[in-house]
Asks: 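My questions all concern the structure below.
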Amino acid sequence: MGKNPKALMVIVAAALLIALSGCGSSGAGYQGASSGPPSAASSGAPPSGTSQSLTITIKDFGYQGPVSVSPGAKITVKNDDAQAHTVTSDDGKAFDAAVDGGGGTVQFTAPTAPGSYPYHCAYHSNMHGTLVVK
Ligand SMILES: [Cu+2]
């Protein structure tokens with residue numbers, strides 16, 4: 001009488017232990033492995049929405065970056081030169097962003113009115129670029 005329940009409990013406990021350990025290790029392992037590649041691949045695809053990252057990179061006294069942006073877009077300026085530079089609209093009103101050298105960054109907002117906005121560096125008159133808002 002007393003032996004049967006005890007033996008049953010041992011079997012149940014052993015079965016639970018196997019089920020728990022087996023489920024835990026294989027489930028976590030497979031989920032982690034399968035959820036990695038798809039998310040990495042989808043983040044690499046260019047977004048079709050409006051939240052694109054717009055960066056003007058200044059390097060070797062030249063502007064490299066998006067030529068055309070949407071109205072009111074947030075634009076980041078990154079300066080890879082050692083010297084400080086600015087992104088100053090030629091009309092002096094549309095935008096004026098100064099950025100420190102050595103990898104400094106600054107953010108400014110593109111004009112909301114569509115058009116072509118030539119800009120320059122306030123420190124170096126030979127640096128020119130054009131931002132097209134459309
Ligand atoms: Cu400059």
Side-chain angles (χ1 to χ4, degrees):
M1 283 280 193
K3 278 184 181 175
N4 272 347
K6 198 174 180 182
L8 252 174
M9 278 187 67
V10 169
I11 290 165
V12 167
L16 266 174
L17 206 72
I18 290 163
L20 280 173
S21 65
C23 193
S25 64
S26 69
Y30 280 112
Q31 276 181 6
S34 64
S35 69
S39 65
S42 64
S43 71
S48 57
T50 53
S51 62
Q52 54 190 137
S53 86
L54 301 167
T55 304
I56 296 174
T57 301
I58 303 175
K59 193 174 169 61
D60 298 329
F61 293 82
Y63 299 105
Q64 304 166 355
V67 175
S68 73
V69 300
S70 49
K74 291 271 193 295
I75 302 171
T76 299
V77 182
K78 185 170 185 290
N79 185 357
D80 283 344
D81 279 348
Q83 295 83 4
H85 294 297
T86 74
V87 176
T88 305
S89 63
D90 285 3
D91 69 2
K93 290 178 292 188
F95 49 85
D96 182 10
V99 57
D100 290 335
T105 60
V106 71
Q107 197 173 59
F108 72 93
T109 303
T112 53
S116 185
Y117 296 85
Y119 60 84
H120 63 278
C121 175
Y123 307 139
H124 309 101
S125 56
N126 59 323
M127 292 175 62
H128 293 281
T130 302
L131 187 71
V132 176
V133 176
K134 61 181 181 182

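The shown structure was predicted, so the numbers you read here are calculated from the model rather than taken from an experiment. Counting starts at 1 for both ligands and their atoms, following the listed order.
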Asks: Would you say the side-chain atoms of Asp81 pair up with the backbone N or O of Asp60, donor to acceptor, closer than 3.5 Å?
Replies: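 Indeed, once roles are kept as given, a pair shorter than 3.5 Å links the two residues.
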
Asks: By the side chain to side chain donor-acceptor pair (under 3.5 Å) test, which pairs, at least two apart or in different chains, include something from residues 91-101?
Replies: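 Residue pairs with at least one partner in residues 91-101: Thr88-Asp96, Ser89-Asp91.
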
Asks: Determine all donor-acceptor pairs shorter than 3.5 Å in which one atom belongs to a side chain in residues 121-134; sequence neighbours excluded.
Replies:
from: His124; atom 1: ND1; to: His85; atom 2: ND1; distance (Å): 3.1
from: His128; atom 1: NE2; to: Ser125; atom 2: O; distance (Å): 2.8

Asks: What count do you get for protein N/O/S atoms less than 2.8 Å from the Cu ion (ligand 1)?
Replies: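 Excluding waters, the total comes to 3.
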
Asks: Could you tell me which non-hydrogen atom of Ala110 sits nearest to which non-hydrogen atom of Ser70, and how far apart they are?
Replies: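 Closest approach of Ala110 to Ser70, heavy atoms only: CB-O, 4.2 Å.
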
Asks: For Lys78, check salt bridge (Lys or Arg N to Asp or Glu O under 4.0 Å) against everything at least two apart and list the hits.
Replies: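 Lys78 satisfies salt bridge (Lys or Arg N to Asp or Glu O under 4.0 Å) with Asp80 only.
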
Asks: Would you check if Tyr119 and Ile56 make a side-chain contact, meaning some heavy-atom pair closer than 4.5 Å?
Replies: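 Yes, close enough: below the 4.5 Å cut-off.
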
